2 protein chains.
Amino acid sequence: MAGIKDVARQAGVSVGTVSNVINRPEAVLPETRARVLAAIEELGYVRSESARQLRAGRSRIMALLVLDMGNPFFVDVARGAERAARQAGLGVMVCNSGQSPAEEAEYLGMFAEQRVCGVLVTPADATGRNLDSFSRHRIPYVLVDRVASGAGSCAVSVDDVRGGALAVGHLISAGHRSVAYVSGPGDLHQIRDRREGALSALAEAGLPPGALVEIPSDRLDVAAGRDAGARLLGLVPRPTAVFCANDLLALGVLQALYAAGVRVPQDIAIVGYDDIEFAAAAAVPLTSVRQPAVVMGRMAAELLLEEADDEGGTHEHRSVVLQPELVVRASSSTPR
Amino acid sequence: MAGIKDVARQAGVSVGTVSNVINRPEAVLPETRARVLAAIEELGYVRSESARQLRAGRSRIMALLVLDMGNPFFVDVARGAERAARQAGLGVMVCNSGQSPAEEAEYLGMFAEQRVCGVLVTPADATGRNLDSFSRHRIPYVLVDRVASGAGSCAVSVDDVRGGALAVGHLISAGHRSVAYVSGPGDLHQIRDRREGALSALAEAGLPPGALVEIPSDRLDVAAGRDAGARLLGLVPRPTAVFCANDLLALGVLQALYAAGVRVPQDIAIVGYDDIEFAAAAAVPLTSVRQPAVVMGRMAAELLLEEADDEGGTHEHRSVVLQPELVVRASSSTPR
DNA sequence: CACCCGGATTGAAACAATTCATTCACCGCC
DNA sequence: GGCGGTGAATGAATTGTTTCAATCCGGGTG
């Protein structure tokens with residue numbers, strides 16, 4: 001494959017001039033420039049990004065490590081991040097950790113080798129161990145959908161405690177006195193915060209913590225939701241409402257209830273979380289807590305760019321907390 | 001940041017030895033190896049992927065360029081591809097063209113600069129111009145969800161003509177005599193093939209081509225589906241069934257019909273395409289044409305790896321065509 | 001006519017790894 | 001004791017770019 005030297009020879013100039021044509025065209029005589037461009041065209045020259053990177057010390061790629069790209073919520077986050085990154089001329093590399101700290105560690109290692117200019121990450125590892133060791137590499141990172149622990153980085157999150165309170169407060173005010181919480185992997189902060197919010201809503205209404213019945217789940221997808229739905233049906237006494245840690249779970253629960261002939265919302269009301277696009281199109285349109293996912297992705301990318309571009313070491317880490325919003329639909333609208 | 005030379009100095013060996021410790025540990029005396037590993041640990045050394053790439057001539061990243069990551073179908077394709085790639089020790093870079101030939105061209109250019117080891121691409125550009133000019137770079141690529149045009153590459157696709165025929169054949173045998181086709185961007189092969197299949201099913205049943213009423217759409221998402229649904233309601237006479245070019249459109253149509261009080265399937269039957277996970281969880285569970293998306297991603301990645309690993313120039317391009325499968329659910333099950 | 005200045009161009013150094021021919025030390029064998 | 005062979009370690013060459021000090025050339029000025 002043709003390199004810059006071949007182009008230089010073909011055009012009868014030095015390599016430096018070719019480099020200038022590519023990077024600072026105005027510094028080259030138009031005639032020379034034309035000759036070089038012709039040579040580039042003729043040889044089909046494409047500059048090698050690895051060589052540039054080697055010289056520059058870091059690549060022009062931003063990494064995004066999310067829990068699950070099968071969740072439309074994260075797809076939206078990715079969309080927001082990508083838009084911001086491309087505006088700055090950067091590529092984005094999107095990867096899934098699948099909520100596995102081991103996978104997360106592997107990807108972080110890969111990012112370090114690639115010398116990415118920064119990482120947006122939704123941590124799968126509540127201990128923070130992965131990120132601790134990652135920070136040795138001096139590669140800036142921004143936490144997404146998670147508040148900053150310590151002051152090692154910027155973070156963009158949504159107030160999950162408030163989101164949980166909104167969801168369960170809504171159910172309580174619709175007359176429900178016993179609510180199931182279909183949770184997810186216990187080591188995810190999001191899940192814990194949403195529960196905490198749910199409990200605070202109960203407390204505020206004067207209900208005991210026992211009014212929240214947890215249905216644990218180790219994944220956050222539709223299949224896990226179906227499974228949780230089946231367990232919900234077996235509970236005695238059966239709660240009259242269920243709050244799900246995300247919409248995928250909620251859709252699964254809804255399917256399980258539907259299959260068992262249980263009416264939603266008459267027999268059991270459902271509230272989900274994330275307000276993914278499919279929530280509105282569900283069998284019974286789903287009440288959900290909307291998160292500004294695209295905005296979150298965009299802001300995270302912007303914070304990262306700011307930190308990465310910071311030469312003088314003047315960057316100060318910031319934590320942005322966005323507010324969720326309850327969207328009421330049919331799945332919870334008629335109290336029993 | 002520490003380089004291989006710093007490690008060598010720290011451990012009191014040469015750079016070659018450090019490289020050997022990393023790449024061929026068995027060729028180094030255990031004692032030396034331990035000393036080097038200790039130095040690596042102490043200095044927090046991470047090898048530079050760009051330097052390796054520069055020497056190797058190509059990177060260890062495979063690119064995947066799809067039409068829209070907001071479509072769960074492509075998320076599944078990505079999952080399949082990623083699994084296969086990681087098994088071979090490669091990273092995957094997933095990008096959206098958003099069905100725009102210009103974006104596609106931009107991404108392909110970026111992949112060439114990155115010297116990716118190969119590209120999996122769902123072309124957005126029916127002219128094939130982008131890929132034609134891309135093939136100059138000698139970077140192998142595999143067409144995904146598209147039959148090979150010419151013999152320039154491998155391809156993995158699903159028989160869309162048959163898929164369209166399955167969908168409309170099903171509707172005809174349920175008694176429908178007039179079917180709307182909510183299409184998508186006219187320059188996408190998938191869309192055209194599905195229509196062709198639909199027409200062939202009509203012909204086989206002795207119905208005129210006019211029995212298929214096309215409702216054009218320029219995007220393939222839920223919002224476009226809602227829009228198409230509104231237009232469907234305005235048609236006189238109104239078709240009794242609608243076949244949508246993908247499930248996102250179908251979900252949008254379903255929402256629009258639901259909002260207008262039109263019953264599905266009693267008043268209008270709906271068939272979608274892709275059988276994404278959310279199709280089964282829809283307001284009325286959606287009949288759909290299932291595509292083996294994960295398998296497609298995996299096979300495409302495997303074909304690419306085979307071509308990329310081929311040293312002797314013995315590789316022969318292959319086209320794999322998978323078969324779709326009709327999944328009947330409530331949205332079409334009761335003929336009017 | 002000598003001098004200087006500016007813009008255009010040059011060419012070598014640096015980046016961080018891999019590779020490979022070479023060196024080195026040591027062992028056993030004749 | 002010399003010799004060949006072997007396993008381990010070496011270090012220079014290579015990869016393609018960017019950058020920057022140095023060079024070159026032409027024209028204007030004193």
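Order of the sequence lines sets the chain letters (A, B, ...), proteins ahead of strands, with each chain counted from 1. Values in this document were obtained by computation on a predicted structure and should not be read as measured data.
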J.: For residues 292-309 of chain B, which residue pairs pass the salt bridge (Lys or Arg N to Asp or Glu O under 4.0 Å) check, not counting sequence neighbours?
T.: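 Qualifying pairs, neighbours excluded: B/R298-B/E302, B/E306-B/R318.
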J.: With sequence neighbours excluded, what pairs up with B/R138 under the side-chain contact (heavy atoms from CB on, under 4.5 Å) test?
T.: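 In terms of side-chain contact (heavy atoms from CB on, under 4.5 Å), with neighbours along the sequence ignored, B/R138 is linked to no residue.
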J.: Just how large is the angle between the end axes of the helix from C/dC1-D/dG30 to C/dC30-D/dG1, five pairs per end, to 10 degrees?
T.: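 The angle, to the nearest 10 degrees, is 70°.
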J.: For residues 114-127 of chain A, run the donor-acceptor check on the side chains, cut-off 3.5 Å, and write out each pair with its distance to 0.1 Å, sequence neighbours left out.
T.:
| unit_1 | atom_1 | unit_2 | atom_2 | d |
| --- | --- | --- | --- | --- |
| A/R115 | NH1 | A/A112 | O | 3.0 |
| A/R115 | NH1 | B/V46 | O | 3.4 |
| A/R115 | NH1 | B/R47 | O | 3.4 |
| A/R115 | NH2 | B/V46 | O | 2.9 |
| A/T122 | OG1 | A/V144 | O | 3.4 |
| A/D125 | OD1 | A/T127 | N | 3.3 |
| A/D125 | OD1 | A/T127 | OG1 | 2.8 |
| A/D125 | OD2 | A/T127 | OG1 | 3.2 |
| A/T127 | OG1 | A/R129 | N | 3.1 |

J.: Please list all pairs meeting side chain to side chain donor-acceptor pair (under 3.5 Å) that have one or both residues in residues 88-111 of chain B, counting only residues at least two apart or in different chains.
T.: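 Every side chain to side chain donor-acceptor pair (under 3.5 Å) pair that includes a residue of residues 88-111 of chain B, provided the two are not neighbours, is A/E82-B/Y107, A/R86-B/E103, A/R86-B/E106, A/R86-B/Y107, B/E104-B/N130.
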J.: Passes side-chain contact (heavy atoms from CB on, under 4.5 Å), B/S50 versus A/R55? Steps please.
T.: CA-CA 9 Å; B/S50 22; A/R55 187 101 223 299; over 6 Å; no
J.: Report the residues that fulfil side-chain contact (heavy atoms from CB on, under 4.5 Å) with A/S319, sequence neighbours left out, ordered by chain and then residue number.
T.: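 A/S319 satisfies side-chain contact (heavy atoms from CB on, under 4.5 Å) with A/A148, A/A155 once adjacent residues are dropped.
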J.: Could you list the residues that satisfy salt bridge (Lys or Arg N to Asp or Glu O under 4.0 Å) with A/R52, not counting sequence neighbours?
T.: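 With sequence neighbours excluded, A/R52 shows a salt bridge (Lys or Arg N to Asp or Glu O under 4.0 Å) to A/E49, given in chain and number order.
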J.: State, yes or no, whether a side-chain contact exists between B/Q10 and B/E42 at a heavy-atom distance under 4.5 Å.
T.: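 They are in side-chain contact.
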J.: Walking along DNA chain C from 5' to 3', note the first and the last nucleotide with an atom under 4.0 Å from a heavy atom of chain A, and give both.
T.: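 That gives a stretch of C/dA8 to C/dA16.
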J.: Apply side-chain contact (heavy atoms from CB on, under 4.5 Å) to A/D218 and list each qualifying residue two or more places apart in sequence or on a separate chain.
T.: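 side-chain contact (heavy atoms from CB on, under 4.5 Å) list for A/D218, sorted by chain: empty.
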J.: What one-letter contact string describes nucleotides 14-28 of chain D from 5' to 3', where B marks a base within less than 4.0 Å of any protein heavy atom, S marks contact via sugar-phosphate atoms alone, and - marks no contact?
T.: BBBBBB---------
J.: State, to 0.1 Å, how close B/V92 and B/A81 come at their nearest heavy-atom pair, and which atoms those are.
T.: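 Answer, listing the atom of B/V92 first, then B/A81: CG2-O, 4.4 Å.
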J.: So if I take residues 26-38 of chain B and measure heavy-atom distances to DNA chain D, which residues fall below 4.0 Å?
T.: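 When residues 26-38 of chain B is checked for heavy atoms under 4.0 Å from DNA chain D, the hits, listed by number, are B/V28, B/L29, B/T32.
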J.: Test of understanding: with salt bridge (Lys or Arg N to Asp or Glu O under 4.0 Å), list the residues that count as partners of A/E41, not counting sequence neighbours.
T.: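 Salt bridge (Lys or Arg N to Asp or Glu O under 4.0 Å) list for A/E41, sorted by chain: B/R136.
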J.: Would you say B/V158 and B/P292 make side-chain contact, with heavy atoms under 4.5 Å?
T.: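 In contact.
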